[in-house]
Amino acid sequence: PESFQSDEHTNTIFGPSTVLINYLFIYLIFQNRNRHFFFYLSYLLAAILIFNLRISRQDLVIMLLLFAWSIGYRLIYSIKLTYLLVVAIAFVAGAAYIVQTDNQRIKGIINPKEDTSFNYRVLSNADFLAKYSREPAKNKAFGFGMGSTFIFHYNEFLGRRELNILDNTPLTILLKSGYVGLIIYILIVLYPMLYLNWHQRLLLLFPIVFSMFLFNHALYNVLYVFGLYFVSFRLKNDKIQKQILQNS
């Protein structure tokens with residue numbers, strides 16, 4: 001898209017790979033937490049590679065947090081001083097890289113208020129909420145339709161912008177279908193939670209909740225919902241299969 005034709009996006013690859021990799025990773029860990037060291041290492045390397053190809057800080061943060069969870073989930077019953085030392089070294093190395101790097105997108109993770117992308121999201125979302133609060137009850141309840149747009153004046157450089165989506169999935173749904181649509185969306189997302197335990201619920205909801213409020217393409221979150229459903233019902237099916245084997 002033309003909006004990404006800039007120097008920092010010259011070699012950027014866009015696609016659903018990150019979402020699918022993340023949910024597949026979660027599922028495989030739930031299947032067997034005691035996997036080979038290279039399994040975890042390959043996921044970490046994938047996180048770094050994907051960031052270099054996509055320059056998406058959100059993808060990087062999600063993958064690093066899922067990697068940290070997978071290590072903790074594996075070692076929770078057998079934590080040794082050596083493991084803690086490795087984690088501490090990795091943390092120090094990562095912090096040192098962030099401090100000394102010239103990559104502004106990486107620095108934006110720890111200094112979001114100095115990041116143009118972050119400021120744009122905050123201002124546009126706040127402006128939408130202010131205008132939405134003044135709308136009649138009918139528009140609040142049912143939104144403005146799937147083809148609706150939002151007019152936003154950012155600054156003198158960008159000027160007046162007409163947006164058909166916002167950098168926030170719940171707000172985009174409010175724009176298109178109001179509170180009724182948002183409630184339906186939340187019910188759809190939460191439905192698979194009926195078949196999971198609390199740990200599985202937290203892990204599977206984490207990427208989708210994190211992305212809903214940060215990712216600038218709301219429809220992209222359909223992939224997160226797909227991943228959520230895929231893993232949820234695979235876990236449900238695995239549980240049923242184990243019960244059948246135990247009863248046979």
Side-chain angles (χ1 to χ4, degrees), residues 14-36 39-44 46-47 50-51 54 56-77 146 165-174 176-248:
F14 296 92
S17 56
T18 307
V19 178
L20 303 180
I21 288 174
N22 288 342
Y23 274 102
L24 180 60
F25 179 73
I26 294 173
Y27 174 65
L28 292 175
I29 293 297
F30 276 135
Q31 269 196 326
N32 178 17
R33 72 175 74 181
N34 297 313
R35 294 185 177 274
H36 196 275
F39 173 81
Y40 299 91
L41 179 62
S42 64
Y43 182 73
L44 179 61
I50 288 173
F51 174 76
R54 288 177 49 86
S56 170
R57 289 165 294 186
Q58 175 187 289
D59 289 342
L60 179 65
V61 170
I62 287 178
M63 294 187 78
L64 291 180
L65 289 176
L66 287 177
F67 171 77
W69 159 76
S70 67
I71 298 299
Y73 187 52
R74 174 187 174 125
L75 304 177
I76 189 170
Y77 297 115
M146 296 308 293
I165 56 175
L166 291 94
D167 294 314
N168 183 302
T169 297
L171 296 188
T172 299
I173 294 174
L174 284 178
K176 306 295 183 180
S177 56
Y179 288 116
V180 172
L182 183 59
I183 291 172
I184 293 174
Y185 177 79
I186 293 173
L187 292 176
I188 290 172
V189 171
L190 294 181
Y191 171 67
M193 300 295 102
L194 296 172
Y195 306 104
L196 306 176
N197 60 42
W198 69 268
H199 182 204
Q200 294 168 339
R201 291 170 182 168
L202 289 177
L203 258 296
L204 293 178
L205 282 175
F206 159 67
I208 189 172
V209 172
F210 191 83
S211 67
M212 274 201 311
F213 292 96
L214 295 179
F215 202 83
N216 61 332
H217 294 289
L219 293 179
Y220 192 81
N221 282 284
V222 172
L223 291 167
Y224 285 90
V225 176
F226 171 80
L228 180 81
Y229 268 70
F230 169 74
V231 177
S232 297
F233 287 100
R234 283 303 309 167
L235 290 172
K236 176 189 175 185
N237 185 67
D238 291 346
K239 183 178 180 181
I240 293 174
Q241 292 299 322
K242 288 180 180 179
Q243 291 176 343
I244 292 175
L245 290 175
Q246 290 175 353
N247 296 330
S248 60

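We use all heavy atoms of the structure for the numbers below, so side chains are in, but hydrogens, waters and symmetry mates are not. Position 1 is the first residue of the sequence, and the numbers go up from there.
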* Is there a side chain to side chain contact (heavy atoms under 4.5 Å, CB included) between Leu28 and Leu24 once you walk through the steps? -> CA-CA 6 Å; Leu28 292 175; Leu24 180 60; 4.0 Å; yes

* CA sep, side-chain torsions, deciding dist, call: Leu203, Tyr73, side chain to side chain contact (heavy atoms under 4.5 Å, CB included) -> CA-CA 11 Å; Leu203 258 296; Tyr73 187 52; over 6 Å; no

* Criterion side chain to side chain contact (heavy atoms under 4.5 Å, CB included) on Trp69 and Leu202, from CA distance to verdict -> CA-CA 11 Å; Trp69 159 76; Leu202 289 177; over 6 Å; no

* To do: Give the C-alpha distance, both sets of side-chain angles, the deciding distance and a yes or no for side chain to side chain contact (heavy atoms under 4.5 Å, CB included) between Val231 and Gln200.
  => CA-CA 10 Å; Val231 177; Gln200 294 168 339; over 6 Å; no

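Annotation: side chain of Ile186 is not in contact with side chain of Val189 (no heavy-atom distance under 4.5 Å). At a threshold of 4.5 Å between non-hydrogen side-chain atoms, the residues Tyr224 and Ile62 count as touching.
By the side chain to side chain donor-acceptor pair (under 3.5 Å) test, Tyr191 is found to be paired with Tyr195, residues two or more places apart in sequence or in another chain being considered.
The shortest non-hydrogen separation linking Arg74 to Asn34 is NH1-C, 3.5 Å. Here the closest heavy-atom approach between residue Tyr229 and residue Ile188 is recorded as OH-O, 2.6 Å. Closest heavy-atom contact between Ile208 and Leu205: CG2-O, 3.1 Å. Closest approach of Met193 to Ser232, counting heavy atoms only: CE-OG, 4.3 Å. Contact detail for Arg35 and Tyr40: the closest heavy-atom pair is O-CE1, 3.3 Å. Scanning all heavy atoms of the two residues, the minimum distance from Tyr179 to Leu174 falls at CD2-CD2, 3.6 Å.
For an aromatic pair to be called close, the ring centres must be under 6.0 Å apart, and Phe39 with Phe25 satisfies this.
Note: Phe230 and Phe226 have parallel aromatic rings, judged against thresholds of 30 and 60 degrees for the angle between ring planes.
Between Ser177 atom OG and Met146 atom CE the span is 7.0 Å, to the nearest 0.5 Å. In this structure, the separation between CD1 on Ile71 and CD1 on Ile29 is 7.5 Å, given to the nearest 0.5 Å. To the nearest 0.5 Å, the span separating CE on Met63 from CG on Leu65 amounts to 11.5 Å.
Residue Leu187 is tested with Ile183, Ile184, Leu190 for a side chain to side chain contact (heavy atoms under 4.5 Å, CB included); the sole match is Ile183. Each of Asn22, Leu235, Leu204 was compared with Tyr27 under the side chain to side chain contact (heavy atoms under 4.5 Å, CB included) criterion, and only Leu235 meets it.
For Lys242 and Asp238, the salt-bridge test fails: no basic side-chain N is under 4.0 Å from an acidic carboxylate O.
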